[in-house]
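Heavy atoms only: backbone and side chains are in, while hydrogens, waters and symmetry mates are out. None of these values were measured; they are calculated from a predicted model. In each ligand, atom 1 is the first atom listed, and ligand 1 is the first ligand listed.
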Amino acid sequence: MEIKGSCMCGSVKFAIRGTPKMMGTCHCSRCRKLGTSTIVFVDRDQFTLISGEAKIETVRPEPPFTYHRSFCRKCGTSLGEPLSPDASFPINAQCLDDDPVVRNSFHEHESDQPAWVEGVTG
Ligand SMILES: [Zn+2]
Ligand SMILES: [Zn+2]
């Protein structure tokens, strides 16, 4: 099976072969502001960037933070780390156009959620 994903404007398109190995949500303010709270982890060999590589901008954080985050330069959709050289990397679950089958298996930094959040959100 193949799971398709894209940014809001459609410039960036990708496909995941098989199922992502994990889904999780980080509720810290950094992930919230980036719009990448809920991610799926994919292996490099199951991920194909179909289009839009030239549109992808990457934010490199100041230490001690290490996660790079990429977004579409045209529409701003937060993508996760589709250009990561790592063997496994996170992709924003909100970009998926198909059901990734895998379900959320962890939440972290839940106490950092703003007061207006109702329940546990992605
Ligand atoms: Zn876009
Ligand atoms: Zn976080």
**Prompt:** Within the stated cut-off of 2.8 Å, is an N/O/S atom of C26 closer than that to the Zn ion (ligand 2)?
**Reply:** yes

**Fill in**
The single option from N104, N92, I91 that satisfies side-chain contact (heavy atoms from CB on, under 4.5 Å) with V40 is I91

**Item:** Parallel, tilted or perpendicular: rings of H27 and H107 (30°, 60°)
**Value:** parallel

**Complete:** Angle subtended at the Zn ion (ligand 1) by C7 SG and C75 SG, to the nearest 10 degrees, is 110°

**Request:** Report the angle formed at the Zn ion (ligand 2) by atom SG of C28 and atom SG of C31, rounding to the nearest 10°.
**Result:** 110°

**Vertex the Zn ion (ligand 1), arms to C9 SG and C72 SG, rounded to 10°** = 110°

**Asked** Are D86 and R44 within salt-bridge range, i.e. N to O under 4.0 Å?
**Response** no

**Message:** One thing to verify: whether K4 and E2 come together as a salt bridge, which I'm taking to mean a side-chain N less than 4.0 angstrom from a carboxylate O.
**Reply:** yes

**Asked** Can you tell me if H27 has an N, O or S atom under 2.8 Å away from the Zn ion (ligand 2)?
**Response** no

**Prompt:** Under 6.0 Å between the ring centres of F14 and F47?
**Reply:** yes

